[in-house]
Colleague: 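What follows is a single structure, and I will ask about it in a moment.
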Amino acid sequence: MNRETIKNWYLNDDWWHFTIGFAIIYILGLILELTGYWWTMIIAAAVGGVIIKHGGKSIIAGFFGILLVWATYLLNLASLGYSNPMLFYNFLNIIGAIIGINGVLLVILCLLIGGLVGLVGAVNAAYLTQIIIKLITKEEELEEHEKAISKKEKI
Amino acid sequence: MKFSSKKKLIVKETASVVSLIIVVSFLVIPISGLILGNLLNPVGGLWNGLYYAEYPEVMVIEGSGHSGTVYRDQYAIPHIFCSSSADLGYIVGYLQAYDRLFSMDMQRRMISGWMASMLGPGSNNLNIQNDKLMKLFGFRRLAEELWNKMQVEAQTDTEIKEIIEVFTAYSAGVNKFIAECLPNKLPLEYVFLGLQPITWSPIDTLTVAKFMSWALCFNDADLDMTVIAEKFGKDIVRELVPEGPFDFEDVVIPNFTHPDNITDGNPIYSQSDLGLKLQDDGTDDSEFLTNIGEQAKMAKNVMNKIDDSIRDMIRYGCSNNWVVNGSLVDSGYPILCGDPHLTLMVPSVWWCMNYVNTSDPNECFYGVSFPGTPMIQIGFTPNVAWSATVTAVDVTDFYYENITHDYTQYWNGSQLRNLHNVTETIYVKGSNPVKYTIFFTKHDYNITDDFWCPIIPTDLSGTFKDYTNISIKSTYMLPDSGILKGFMNLPRAKNVTEYLDALRPYAYPGQNFVFADIQGNIALYPRALYPIRNVTGSQRDSDGHYRGRFILNGSTGQGEWTMYIPFEWVPHKINPDQKFLVSANQRTVNTTEYPYYLGYGFAEVYRANRINMLIRDQIAAGKNFTVEDMKKFQSDVYDVAASVFIPELLKAAEDQYGGNTVGILNDTLEELIWWNSSLNSMQYRMFRNISAPTIFDHWLNDFLNATFADEWIDKGIYETAMFPQIMCLQNLTINDQESHWFNRTDMAGNQTANWTMLHALNDTINDLSSELGNIVSEWNWSKVHVMAIEYLEGLLPVFDYPRYGCDGSARTVNVAVQNSKGEVKLGPSERMIVDFSKLKSQDLYPSVLTIPSGQNGNPASSHYSDLFQLWKNYDYPQALFPRNISAYPTNLITSRVFFR
């Protein structure tokens with residue numbers, strides 16, 4: 001891998017970056033979630049955010065990436081019904097009653113919170129990455145890169 | 001990509017960091033004690049509740065070194081097929097933990113005095129205070145002593161060796177489950193409270209055994225008696241709490257005449273001279289008594305600090321059991337019934353199980369065990385069945401100690417002995433540990449009583465410095481493993497002889513064991529160690545009182561326990577002429593027929609009277625008994641006290657008012673007249689949907705209060721000493737209308753029973769109308785008599801069962817005892833009826849048995865309340881009792897667990 005390839009990789013934020021970043025958030029999220037610590041989701045999302053770099057795209061990838069991680073685990077739990085297919089539903093009602101909200105809303109709240117954790121993790125990493133790139137890349141190289149982008153856009 | 005300017009990027013990053021901080025804070029800062037991040041996390045969060053709610057169709061537990069197969073039935077009751085008691089111990093440990101780990105763990109922490117370490121000091125240091133009490137009674141300390149002693153005994157005693165193996169395997173089973181839970185599959189309750197389970201050890205099981213023994217045999221009434229005697233004189237105690245039975249009392253062992261008597265089912269004794277003199281010994285300790293009144297009061301106030309839920313169980317914990325002979329049943333075989341009354345909570349104090357020994361088809365049983373223990377305490381086998389009620393005999397004494405000024409030594413007779421002390425550490429979450437020193441004396445006149453007796457402190461709150469001069473001695477403190485042998489061997493007994501052999505080593509807690517075998521024998525043995533206090537050559541003091549009813553003078557050594565009543569001499573019955581046996585915690589034996597002191601703190605006799613009445617009436621009507629009859633008896637809510645007091649009250653009202661009443665008084669009397677009518681099928685029944693029970697129960701309390709409160713307040717003991725029993729009030733009302741107790745010390749003139757009854761009725765009407773309105777027909781019992789089954793007695797209120805108004809009273813066979821807040825939290829903790837004809841015919845369902853919760857303590861489980869729903873409606877599941885694995889109907893297997 002030559003220097004040019006690396007430069008292109010970290011100076012661009014096209015959809016490949018998004019796709020790979022999103023996949024990393026999801027897969028790393030699945031793995032780190034096994035530790036049982038919810039804050040590891042910030043790390044998973046941040047790794048994706050570093051790759052995605054783009055603020056808006058990292059928000060989307062972080063939010064939905066971790067939301068999907070948590071949804072996967074919840075689906076896994078819902079399949080634990082054994083001989084009682086209503087188990088998950090009953091459980092939601094009971095737990096919902098404890099927190100004082102509807103059980104289905106509880107699932108939504110859980111997923112939203114997972115998404116939110118991913119969102120802040122990814123977006124922080126994305127902007128931090130941009131700042132670092134700005135700091136470590138020569139001014140001329142950045143200008144050249146931006147000119148090239150403008151040309152592409154005109155074409 | 002296009003990069004923003006550095007300035008813009010820094011602004012964006014700053015905003016991102018702020019949002020990160022906000023989100024993280026929201027998830028880590030506790031909101032109403034709950035940490036949202038931990039709770040909502042799909043791994044290790046509240047969703048963990050799903051793991052153990054239901055049972056996988058197949059589970060395989062490997063690497064345990066124990067093997068066996070378990071089928072769960074439709075109520076999740078496990079049927080365990082294995083070939084040794086150690087395998088059984090391991091499997092029961094694993095399964096109990098699966099169903100009840102949190103409640104087992106919490107109970108173990110509570111009785112070990114570890115609550116403050118988990119929950120912090122609590123308001124007014126309540127958790128520390130409770131921990132101190134648990135350390136004072138010393139369940140864990142005593143369990144450790146017993147475990148150490150058992151290690152030595154095991155070298156020569158194969159039974160103890162087996163028990164140690166079972167307990168060790170049981171602990172390993174519990175710990176196997178705990179290991180599977182860690183770190184991210186902890187049961188829901190742990191997630192909620194942010195706790196981790198602590199591993200289980202055999203000492204924990206022994207601690208549970210010590211605690212339950214204490215809860216079922218401890219009685220501090222000696223302190224009440226001393227307080228009352230000091231204020232009113234000892235003769236008053238004799239009047240209020242007589243030595244012998246009232247004429248209306250049915251005793252547990254009727255027609256007991258003399259140990260030599262071999263008629264009427266009394267066993268044959270080998271008569272030998274115990275050297276007991278039964279006369280007054282001439283020693284006068286009345287002066288001693290007057291000097292310790294204040295000490296007794298202080299000690300009693302400390303005892304009153306025992307947590308309400310436990311205290312209610314000690315004070316009102318009660319049970320019923322009875323058996324009828326085969327000649328009273330069409331099939332020719334006995335029917336045995338039992339319903340122990342303990343705290344009603346969710347999950348239940350009991351856990352059901354069935355065991356089949358695959359290498360010995362004769363060894364199988366079905367019954368209930370206390371979670372935390374691998375043995376069943378009540379149940380049946382192919383050959384026998386048994387149930388237990390508390391004997392309520394006097395096995396706890398309080399000693400006055402003459403201690404030296406430097407608090408290092410105490411007098412015991414002519415000996416000056418060193419005080420023993422133990423400093424316990426109470427760990428407090430979020431605070432420094434609290435040191436608590438307990439001082440002990442020893443009362444080992446009888447060499448088997450070689451154990452330390454703790455001295456009661458004057459105060460438990462904050463940092464106390466002082467101690468009373470009163471120590472506690474109770475049989476539960478004995479380092480004796482008889483209880484373990486008893487429960488190990490009861491399910492192995494095949495006939496009445498082996499039943500007696502199984503009970504022989506059993507020392508505490510005192511239980512009336514009702515029994516029947518497949519040969520048709522019935523028996524009842526009130527098993528306990530009954531201390532004899534006979535140092536001076538007499539069981540009685542100079543005033544003719546049995547020693548043991550008041551605080552004993554420990555410094556002179558006159559109240560020492562000299563021996564225990566020999567096993568054969570304890571009143572019991574085998575196949576009595578009356579063809580049935582009944583116990584309901586009432587007086588054990590008629591004191592005029594039996595020479596040795598057993599106790600005085602027996603339960604009110606009304607439940608026992610009613611059961612005897614039901615059985616005698618049916619025999620008189622020439623009708624044989626069926627299981628359906630027994631179900632009706634267990635749900636019976638006829639209040640015998642109402643049948644005594646209501647006619648008296650109505651007579652007094654008739655004399656006073658002559659029918660000229662108006663308004664709410666008239667409505668109240670009309671309701672009681674209707675309830676009193678023999679034409680009424682609801683007569684004296686404490687049904688929830690009528691008003692008369694509300695009036696009666698409230699009035700009875702008011703009547704008791706109106707009779708005794710004035711004297712109690714006068715003497716400054718209202719907050720300290722218990723009132724006399726309703727039985728005493730009945731005796732005064734019927735036999736002594738003009739008794740001085742009815743005469744009010746705070747009023748002029750002479751008041752009688754009639755005056756007091758009507759005065760109390762007036763109080764009742766005022767109270768009820770202000771609480772429930774002025775329409776008497778709307779004073780339904782259900783409005784004030786509310787079943788409150790809480791999750792571990794209020795630890796997690798969101799898991800409680802819904803409350804509902806319920807039938808019964810503290811005096812009905814189907815008991816429902818209210819606490820001081822009016823909530824019913826004590827009742828039939830299990831109901832069992834065993835039909836011996838079905839045991840004989842090897843029927844798959846020989847018994848019915850239910851508990852007031854489900855098997856599973858997880859609120860998300862379909863087995864959280866399934867058995868409770870049946871219990872609530874007086875319905876019973878059939879107890880599935882296969883005698884070998886191939887007899888188990890495969891369509892009833894809901895889950896299989898294989899241990900390899």
Colleague: Identify which of B:G37, B:P859, B:S895 forms the greatest number of heavy-atom pairs closer than 4.5 Å to chain A.
Modeller: B:G37

Colleague: Can you name the closest pair of heavy atoms from A:L34 and B:V43 and give their distance?
Modeller: O-CG1, 4.4 Å

Colleague: Restricting to ring pair (Phe, Tyr, Trp, His ring centres under 6.0 Å), what partner residues turn up for B:Y864, sequence neighbours left out?
Modeller: B:Y801

Colleague: Does some side-chain heavy atom of B:L20 sit less than 4.5 Å from a side-chain heavy atom of A:I42?
Modeller: yes

Colleague: Enumerate by number any residue of residues 113-128 of chain A whose heavy atoms lie under 4.5 Å from heavy atoms of chain B; in the absence of such residues, state 'none'.
Modeller: A:I113, A:L116, A:V117, A:V120, A:G121, A:V123, A:N124, A:Y127, A:L128

Colleague: Counting only heavy atoms from other residues, nucleotides and ligands, does the tally under 6.0 Å from NZ of B:K185 exceed 12?
Modeller: no

Colleague: Atom CD of residue position A:E139 - does it have more than 12 heavy atoms of other residues, nucleotides or ligands inside 6.0 Å?
Modeller: no

Colleague: Taking all heavy atoms of A:F91 and all of B:A860, pick out the closest pair and write down the distance.
Modeller: CD1-CB, 3.2 Å

Colleague: Of the backbone (N, CA, C, O) and the side chain (C-beta and beyond), which part of B:P183 lies under 4.5 Å from a heavy atom of chain A, both, or neither?
Modeller: neither

Colleague: Could you grab the distance from atom CH2 of A:W39 to atom CG of B:N41, nearest 0.5 Å is fine?
Modeller: 11.0 Å

Colleague: Go through A:W70, A:Y73, A:Y37 and name the one with the most non-hydrogen pairs under 4.5 angstrom from chain B.
Modeller: A:W70

Colleague: Can you tell which part of B:V17 gets under 4.5 Å to a heavy atom of chain A, answering side chain, backbone, both or neither?
Modeller: both

Colleague: List the residues meeting ring pair (Phe, Tyr, Trp, His ring centres under 6.0 Å) with A:W16, not counting sequence neighbours, and say none if there are none.
Modeller: none

Colleague: Tell me, for A:T35 versus chain B, whether the close heavy atoms (under 4.5 Å) come from the side chain, the backbone, both or neither.
Modeller: backbone

Colleague: With a 4.5 Å heavy-atom cut-off, do B:W47 and A:L106 have their side chains touching?
Modeller: yes

Colleague: Count the heavy atoms belonging to other residues, nucleotides or ligands that lie under 6.0 Å from OH of A:Y89, then report whether that count exceeds 12.
Modeller: no

Colleague: List for me each residue that meets side chain to side chain contact (heavy atoms under 4.5 Å, CB included) alongside A:A61, sequence neighbours excluded, and say none if there are none.
Modeller: A:F18, A:F22, A:I25, A:I52

Colleague: Supply the atom-to-atom distance B:I35 CD1 to A:W38 CH2, rounded to the nearest 0.5 angstrom.
Modeller: 10.0 Å

Colleague: Find the one option among B:G44, B:G49, B:A15 whose heavy-atom pairs under 4.5 Å with chain A are most numerous.
Modeller: B:G49

Colleague: Would you mind checking which part of B:N38 comes under 4.5 Å of any heavy atom in chain A, side chain (CB onward), backbone (N, CA, C, O), both or neither?
Modeller: both

Colleague: What part of B:L27 gets within 4.5 angstrom of chain A, counting heavy atoms only: side chain, backbone, both, or neither?
Modeller: both

Colleague: Rounded to the nearest 0.5 Å, what's the gap from NZ on B:K8 to CD1 on A:I131? Could you check?
Modeller: 14.0 Å

Colleague: In terms of heavy-atom pairs under 4.5 Å, which option from A:M41, A:H17, A:E33, A:H54 contacts chain B the most?
Modeller: A:E33

Colleague: In Å, rounded to the nearest 0.5 Å, how long is the span from CG of B:L9 to CD1 of A:I133?
Modeller: 9.5 Å

